[in-house]
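First up is the structure itself, then whatever we jot down about it.
Model, not experiment: these values are computed from the prediction. Just the heavy atoms: all of them, side chains too, but no hydrogens, waters or symmetry mates, feed the values below. Just so it is clear: chains get the letters A, B, ... in the order the sequence lines come, proteins before strands, and each one is counted from 1.
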Amino acid sequence: MSTSERQGLRVTGVSKAYGGLQVLKDVTLRAPAGSITAVIGPNGAGKSTLANVISGFVTQDAGQVFVNGAELPAGKAVARAGHRLGRTFQNLEVFTGMTVLHNVAMGAYSRQKGSHLGDLIRGPRTRRNEREAEESARALLRKFGLEHRADSLVESLPFGEAKLVEMVRVLAMEPEVVVLDEPAAGLPPASAMPLAETIAGMAQEGIGVLLIEHNMKLVMSISEHVVVLDQGRVLTEGSPAEVQKDPRVIEAYLGPGHAKSEELTL
Amino acid sequence: MSSRLSALPRSLGRTNSWELWITIGLLLLLPMLMATDYALHIWTRMAIYVILLTGLNFINGMAGMISLAQAGFFGLGAYAAGIAAVRFDVPPVLALVIAPVVVTLAALLVGMMSMRLKEIYFKMATLGAGFVLFLLFGRMVELTGGPNGLVGIPPFSLFGFEFTEPIVKYGFVALLAIIGAIVAHNLLVSRTGRALRAYGASEPAALAAGASPFKLRLLAFGMSGFYAGVAGALEAFDSRFISPSTFDFMMAVLLVVALVLSGAGRMIGPILGALLLTGIEVFAADYADYEPLIMGVIFLIAIQLFPRGLAGELAARREDRRERAKREAAEQAKPDQEVVRA
Ligand SMILES: Nc1ncnc2c1ncn2[C@@H]1O[C@H](COP(=O)(O)OP(=O)(O)OP(=O)(O)O)[C@@H](O)[C@H]1O
Ligand SMILES: [Mg+2]
């Protein structure tokens with residue numbers, strides 16, 4: 001694919017209000033292919049709502065979302081996989097009652113063609129699909145050191161591994177763009193490093209990563225570009241170093257009065 | 001645990017294949033255990049129930065919704081086949097095709113109207129659909145024979161050969177039950193079946209993985225209708241007489257209870273449920289006076305066991321788990337979030 005086609009994610013002028021509450025206001029940002037773009041902001045800034053608009057779970061009042069130049073239909077979550085856009089959730093979303101392998105296979109199925117009728121009679125295409133899905137799922141699990149968990153029920157895994165399974169499921173979709181809503185939430189600090197490697201690995205493979213995160217250390221260490229969201233608006237953006245020094249950012253996080261003398265140290 | 005499991009052939013890992021083999025094995029072995037005419041008659045009824053419950057399992061098991069419409073669909077299949085044969089002289093073989101088509105269409109219609117409803121409303125809607133069918137069986141006297149039932153249904157026949165020998169009857173029904181179980185198993189272990197199940201486990205994650213809930217659930221409804229249609233037609237040709245009371249509210253509840261008690265969502269559920277149902281039937285026939293009492297007791301057990309219904313139960317457990325995960329997340333996240341400091 002040529003570079004012009006692999007532009008990654010583009011969000012232009014997105015607004016969303018719930019009743020009188022303006023949760024997103026004219027948000028424009030990019031998450032180019034092959035790099036990590038972070039979205040930070042205090043609680044309630046609208047980060048998850050932005051993720052939901054991008055992934056089609058929430059219909060925006062205005063604005064557009066593009067993946068590789070193609071506009072995505074508003075509010076159609078189920079169509080996102082076809083556009084090669086994957087996401088994880090702030091609160092763990094895995095398929096309980098299913099094995100780790102089949103959780104990940106669900107991601108692989110999303111890029112396969114095949115009919116329900118073919119599945120009923122277990123036709124040759126179904127068998128091929130099944131084999132391909134399981135093999136690619138297994139390969140991914142091996143890559144992330146989860147192979148020994150393949151046949152365990154996902155709910156039997158410790159929280160951190162379950163979160164990793166969620167991420168591996170998204171990777172099984174072979175996405176062009178990935179939106180991660182607080183991947184470090186709930187993880188012990190010691191897990192931050194492997195997580196950073198995992199996310200950096202996605203970008204290295206050419207995926208456009210939009211990383212929504214509270215953990216500043218993680219954000220500052222791996223992001224190329226940081227967008228600061230506050231009360232639904234883009235407050236400022238820039239390199240991690242620039243954003244860190246910006247007095248408006250410090251004020252948004254810590255409240256007025258801190259801006260002069262202090263800096264976000266990490 | 002996981003290491004032991006991964007020693008199994010890979011494709012067998014938790015795919016319930018052995019449950020399919022037990023189902024097939026029982027269907028083949030039971031008539032060898034006892035092959036009197038009466039026993040074969042009982043086994044035939046059981047095999048019909050296997051088909052009916054395998055159908056119900058698509059919705060109540062795989063999709064994790066509680067449908068109470070299956071008795072009505074069962075009846076619709078029986079009446080469609082019976083009416084076609086008695087009133088329109090349609091050959092039984094054709095009636096056996098017509099019945100599942102009719103019921104599939106009806107099930108798709110009920111599915112479209114009800115599946116977006118929340119749990120309790122979904123139960124009420126499917127119960128309502130079953131009840132409307134039950135009323136129609138009793139009221140459309142010209143066609144159905146009304147409360148007195150439809151008489152004079154011919155036995156099943158193929159190329160002029162009548163299936164009246166008990167062993168032939170059983171063999172035919174069991175063959176269809178086995179085919180039905182294999183198809184259901186295919187679905188269960190395919191991406192379609194997994195998506196259906198995944199949708200019940202995490203709606204947002206399934207959507208994000210591109211699984212369309214509407215299509216999947218409609219498929220589950222269509223399948224359940226098709227199986228109910230086949231089971232109904234077989235019931236009509238087996239009994240040669242059908243009346244509305246076979247497909248009433250009690251039957252609707254009994255089907256759900258039998259499946260829940262024996263393992264909804266699992267391949268083994270339908271055969272165990274069918275054994276339970278046939279056992280109850282045989283017992284109830286011997287002690288006909290106590291039938292309402294037996295039914296009452298079963299109903300009470302069901303309500304006791306599952307006050308929220310199966311889906312409610314699962315949802316509640318999932319909720320508990322999610323709450324726990326969230327709590328843990330919140331606790332562990334605290335030190336992390338304080339990295340933003342002055
Ligand atoms: N469905 C909704 N209806 C009404 N208000 C909503 C809805 N979803 C979100 N909000 C409100 O929108 C605002 C932004 O919420 P959002 O979840 O996007 O914030 P966030 O930046 O992700 O916060 P956090 O860091 O706590 O995850 C909050 O004030 C929230 O209460
Ligand atoms: Mg959020």
Side-chain angles (χ1 to χ4, degrees), chain A residues 55 57 77-82 86-87 89 91-99 101-102 105-107 109-110 112 114 116 119-122 126 129-130 133-134 148-153 155-156 159 166 169-170 173 184-189 192 214-217 253-254 258 262 264-266, chain B residues 1-6 8 10-11 13-15 64 182-187 189-195 197-216 219 223 265 314 317-318 321-322 324-326 328-333 335-337 339-342:
Chain A
S55 55
F57 283 88
V78 74
R80 292 302 194 256
R87 71 163 294 183
F89 296 85
N91 295 314
L92 180 66
E93 292 289 351
V94 289
F95 303 123
T96 50
M98 290 167 61
T99 64
L101 183 72
H102 295 149
M106 278 298 296
Y109 293 143
S110 77
Q112 295 177 338
H116 297 312
D119 285 353
L120 287 176
I121 57 169
R122 206 153 178 74
T126 295
N129 277 343
E130 191 59 39
E134 292 207 0
H148 62 294
R149 298 290 204 187
D151 298 314
S152 309
L153 290 177
E155 59 266 38
S156 72
F159 185 74
E166 191 187 15
R169 178 187 74 219
V170 172
M173 296 166 65
L187 295 181
H214 262 303
N215 183 329
M216 296 295 243
K217 203 182 289 180
Y253 266 91
L254 304 173
H258 292 80
E262 289 158 273
L264 288 172
T265 54
L266 302 153
Chain B
M1 174 186 74
S2 50
S3 59
R4 224 182 323 120
L5 270 172
S6 44
L8 287 170
R10 291 198 160 151
S11 61
R14 308 222 186 198
T15 52
I182 291 172
V183 169
H185 181 261
N186 284 347
L187 192 78
V189 301
S190 74
R191 76 172 188 156
T192 302
R194 296 214 172 106
R197 195 166 272 232
Y199 197 79
S202 167
E203 199 168 313
L207 279 170
S212 163
F214 189 74
K215 261 173 38 187
L216 288 167
L219 180 82
M223 294 292 291
L314 290 175
R317 280 193 207 151
R318 201 161 57 231
R321 242 193 324 264
R322 232 183 249 163
R324 217 179 314 128
K326 248 188 242 170
E328 280 171 17
E331 273 164 23
Q332 291 174 335
D336 267 358
Q337 300 196 345
V339 259
V340 183
R341 57 176 189 266

Using a 4.5 angstrom heavy-atom cutoff, name the option from [options] with the most pairs to chain A.
| options | answer |
| --- | --- |
| B/Ala195, B/Ala209, B/Ala198, B/Pro213 | B/Ala198 |
| B/Leu219, B/Asn186, B/Val183 | B/Asn186 |
| B/Gly210, B/Gly193, B/Ala208, B/Ala205 | B/Ala205 |

**OP:** Give a yes or no answer on whether the side chain of A/Glu134 reaches the backbone of A/Leu101 with a donor-acceptor pair at less than 3.5 Å.
**Re:**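 No, because the side chain of A/Glu134 does not come within donor-acceptor range (under 3.5 Å) of the backbone of A/Leu101.
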At a 4.5 Å cut-off on heavy atoms, which part of [X] comes close to chain B: side chain, backbone, both, or neither?
| X | answer |
| --- | --- |
| A/Gln112 | both |
| A/Arg122 | both |
| A/Ile121 | backbone |
| A/Tyr109 | both |
| A/Val94 | backbone |

Looking only at side-chain N and O atoms, does [Y] offer a donor or acceptor that is under 3.5 Å from a partner on [X]?
| X | Y | answer |
| --- | --- | --- |
| A/Thr99 | A/Asp151 | no |
| A/Ser55 | A/Arg87 | yes |
| B/Ser202 | A/Glu93 | yes |

Original post:
Which bit of B/Ala206 comes within less than 4.5 Å of chain A, counting heavy atoms only: side chain, backbone, both or neither?
Top reply: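 For B/Ala206, heavy atoms of backbone and side chain both lie under 4.5 Å from chain A.
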**OP:** Pick one of side chain, backbone, both or neither for B/Leu187, based on which atoms fall under 4.5 Å of a heavy atom in chain A.
**Re:**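 Contact with chain A is through both the backbone and side chain of B/Leu187.
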Subject >> Within 45° cone and under 6.0 Å: B/Arg194 NZ/CZ vs A/Phe95 ring >> reply: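 Judged by the rule, B/Arg194 and A/Phe95 form no cation-pi pair.
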Subject >> B/Ala211 to A/Met106 - nearest heavy-atom pair and separation >> reply: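 Distance-wise, the nearest heavy atoms are CB-CE, 4.5 Å.
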Original post:
Is the distance between the ring centroids of B/Phe214 and B/Tyr199 less than 6.0 Å?
Top reply: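 Not under 6.0 Å, so no.
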